[in-house]
Visitor: 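Let me give you the structure first, and then I'll get to my questions.
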Amino acid sequence: MKHSLLTACLSRCVPRILGINPSQVLSILVYHRVLTKTDFLRQGVPTVQEFSWQMELLSKHFNPLPLDEALLRLSEGTLPKRAVCVTFDDGYADNLELALPILKTWNIPATVYVATGFLDGGRMWNDSIIEFVRNYPGVSLRLDEVSEQPFAMETRADRIQTANELIRFAKYMDQASRIDFSDMLSRMSQRSGNPLPTDLMLNSNQVVSLSKQGVNIGGHTINHPILTEISDDQARYEINEGRSQLEGLIQSPVEHFAYPNGIREKDFDRRHERIVRAAGFRSAVTTHWGASDKLTRMSAIPRFTPWDKSAYKFALRLALNMKRTQLPELARGGELSAGQ
């Protein structure tokens, strides 16, 4: 990797300058996918080339650990300097096909949090929107369910804006309505001769393969609902049954969980932390940016990914992220008591 001297300096010196003890802080990176080439509709997703240099940088200038070991050593105060974990959400097939060979090259452990309802030919609702927008044959799109005005589809910029608007529209729908909306887009694509892909997600055998190759498999519910938008009983079922399905597949305990969407108070709250703990999960991760220290509650662990396109910025932002351990009270103060 080019510029290794500067990236080494950034990763090692910045924490010292900021007064951070790098042996008492854990950074957990969150990814979803790795692509063969840049996708204009998924601009934040790294390509194979980008993911390769990111993992090389982690291997050379940080200390990648398995999640189990990292959390244990965090609680014991025995973390190595610049400890980091790599995680993936949802369960995309490219986690096995594209990311795993790179992880193996650099000897980096990983955890993949799998939403079981999308295995074996399923598709995440946001992927339905993205692939529908990508392949729509017209230059103007009418969706009266969403807007009285048609969506422009002439340019890539138009399609990016349309995809973003449709994702915002669908994200906080109730689950049944969101499924209906996705199914409608799928039917429209089918009629236009552009059926939506059915191979984006892992299949059951691929989940087993990941597990056998040393990847930690974590829970991520069945249908990836926004937990605050469903009843406690539904949330309990999604969390527990998703875990049970994964354990049935890999024949091993599933001990770690990722909240769908993962924004504290908006997508999950203390009720769901209690459900996760009652289910027996050892940890649960969020999508709030930050790093963890000994005061971080294991049922609300922050994560962070610097989506930078240069090694300089990647190393700098990851080093700066170590400073973000002073999280809101919700994520600190030890375990939840029964009354919290």
Side-chain angles (χ1 to χ4, degrees), residues 25-32 65-75 83-91 109-117 215-247 250 252-305 324-325 327-338 340:
V25 176
L26 174 64
S27 295
I28 302 180
L29 276 65
V30 54
Y31 293 90
H32 291 80
L65 297 174
L67 185 62
D68 283 328
E69 178 184 346
L71 295 179
L72 176 62
R73 296 181 68 174
L74 177 65
S75 67
V84 65
C85 295
V86 173
T87 67
F88 293 83
D89 283 7
D90 300 334
T111 296
V112 175
Y113 297 102
V114 178
T116 56
V215 174
N216 184 20
I217 302 298
H220 199 38
T221 72
I222 303 171
N223 296 299
H224 203 277
I226 304 298
L227 295 174
T228 52
E229 299 293 318
I230 61 177
S231 71
D232 287 0
D233 285 343
Q234 289 173 307
R236 193 171 292 108
Y237 175 78
E238 286 277 345
I239 291 166
N240 283 279
E241 181 61 19
R243 179 188 193 182
S244 178
Q245 291 175 7
L246 288 172
E247 289 181 335
I250 66 173
S252 294
V254 172
E255 299 184 319
H256 304 283
F257 180 78
Y259 297 102
N261 215 47
I263 301 175
R264 289 190 306 269
E265 292 299 291
K266 188 173 185 180
D267 303 322
F268 75 95
D269 57 32
R270 292 189 178 224
R271 293 172 298 155
H272 307 108
E273 290 189 60
R274 287 194 290 270
I275 292 170
V276 166
R277 290 184 61 238
F281 285 104
R282 291 175 53 198
S283 75
V285 293
T286 74
T287 57
H288 271 274
W289 284 9
S292 298
D293 60 18
K294 290 184 71 172
L295 295 179
T296 301
R297 192 160 64 243
M298 291 295 98
S299 54
I301 299 173
R303 292 184 293 172
F304 177 67
T305 294
R324 298 171 66 96
T325 57
L327 301 173
E329 180 61 26
L330 176 61
R332 301 181 71 76
E335 299 296 339
L336 285 168
S337 66
Q340 287 182 292

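What's counted below: heavy atoms across the whole structure, side chains too, no hydrogens, waters or symmetry copies. For reference, positions follow the sequence shown, starting with 1.
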Visitor: Kindly give the heavy-atom pair with the smallest separation between Met298 and Arg282, and that separation in Å.
Guide: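 In this case the closest contact between Met298 and Arg282 is CB-O, 3.8 Å.
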Visitor: Go through the structure and list residues passing side-chain contact (heavy atoms from CB on, under 4.5 Å) with Leu72, not counting sequence neighbours.
Guide: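 Per chain and number, Leu72 pairs via side-chain contact (heavy atoms from CB on, under 4.5 Å) with Ser75, Glu76.
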Visitor: Just verifying a value: how many Å separate Leu74 CG and Leu65 CG, rounded to the nearest 0.5 Å?
Guide: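 Going from the CG atom of Leu74 to the CG atom of Leu65 covers 10.5 Å.
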Visitor: So how far is it from His288 NE2 to Ile263 CD1, rounded to the nearest 0.5 Å?
Guide: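 Here the rounded value is 6.0 Å.
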Visitor: Backbone N or O of Leu295 within a donor-acceptor pair of the Asp293 side chain at under 3.5 Å?
Guide: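 Yes, because the side chain of Asp293 sits within donor-acceptor range (under 3.5 Å) of the backbone of Leu295.
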Visitor: So does Thr286 get a backbone contact from the side chain of Arg303, meaning a donor-acceptor N/O pair under 3.5 Å?
Guide: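 It does hold such a pair.
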Visitor: Roughly how far, to the nearest 0.5 Å, is the CG atom of Asp68 from the SG atom of Cys85?
Guide: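 Going from the SG atom of Cys85 to the CG atom of Asp68 covers 9.0 Å.
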Visitor: Main chain of Leu227, side chain of His272: is a donor-acceptor contact present, judged purely on distance under 3.5 Å?
Guide: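 Present.
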Visitor: Any side-chain heavy atom of Glu273 sitting closer than 4.5 Å to one from Tyr259?
Guide: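 Answer yes - side chains close enough.
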Visitor: With no hydrogens and no angle check, is any side-chain donor or acceptor of Glu69 less than 3.5 Å from a backbone partner on Pro66?
Guide: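 Side chain of Glu69 to backbone of Pro66: no pair is present.
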Visitor: State the CD1-CG distance between Ile28 and Leu71, to the nearest 0.5 angstrom.
Guide: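 It is 5.5 Å, given to the nearest 0.5 Å.
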Visitor: Please find the pair of heavy atoms, one from Ser292 and one from Ile301, that lie closest to each other, and give the distance.
Guide: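 So the minimum-distance heavy-atom pair works out to OG-CG2, 3.4 Å.
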Visitor: Taking the side chain as C-beta and beyond, is there a heavy-atom pair between Leu246 and Val114 under 4.5 Å?
Guide: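 Touching, per the 4.5 Å side-chain cut-off.
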Visitor: Strictly distance-based, threshold 3.5 Å: is any side-chain N or O of Thr116 a donor or acceptor partner for the main-chain N or O of Gly242?
Guide: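 The answer is no, because no donor-acceptor pair under 3.5 Å joins these two groups.
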Visitor: So, for Pro109 and Val86, which heavy atoms are closest and what is the spacing to 0.1 Å?
Guide: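 Answer, listing the atom of Pro109 first, then Val86: O-CB, 3.9 Å.
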Visitor: Report yes or no: does Thr111 contribute a side-chain atom to a donor-acceptor pair with the main-chain N or O of Thr87 at less than 3.5 Å?
Guide: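 A pair under 3.5 Å: no.
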Visitor: When you measure from the side chain of Thr287 to the backbone N and O of Asn261, does any donor-acceptor pair fall under 3.5 Å?
Guide: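 Present.
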Visitor: Kindly say whether Ala258 contributes a backbone atom to a donor-acceptor pair with the side chain of His220 at under 3.5 angstrom?
Guide: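 Confirmed, His220 side chain pairs with Ala258 backbone.
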Visitor: Taking side-chain contact (heavy atoms from CB on, under 4.5 Å) as the test, write out the residues that go with Lys294, two or more places apart.
Guide: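 Residues passing side-chain contact (heavy atoms from CB on, under 4.5 Å) with Lys294: Gln24.
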Visitor: Any donor-acceptor pair under 3.5 Å linking the side chain of Glu238 with the backbone of Ile222?
Guide: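 Present.
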Visitor: Roughly how far, to the nearest 0.5 Å, is CD of Glu255 from CZ of Arg243?
Guide: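 One gets 7.0 Å once the value is rounded to the nearest 0.5 Å.
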Visitor: Nearest 0.5 Å please: distance from the CZ atom of Phe268 over to the CD1 atom of Ile239.
Guide: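 One finds 10.5 Å between CZ of Phe268 and CD1 of Ile239.
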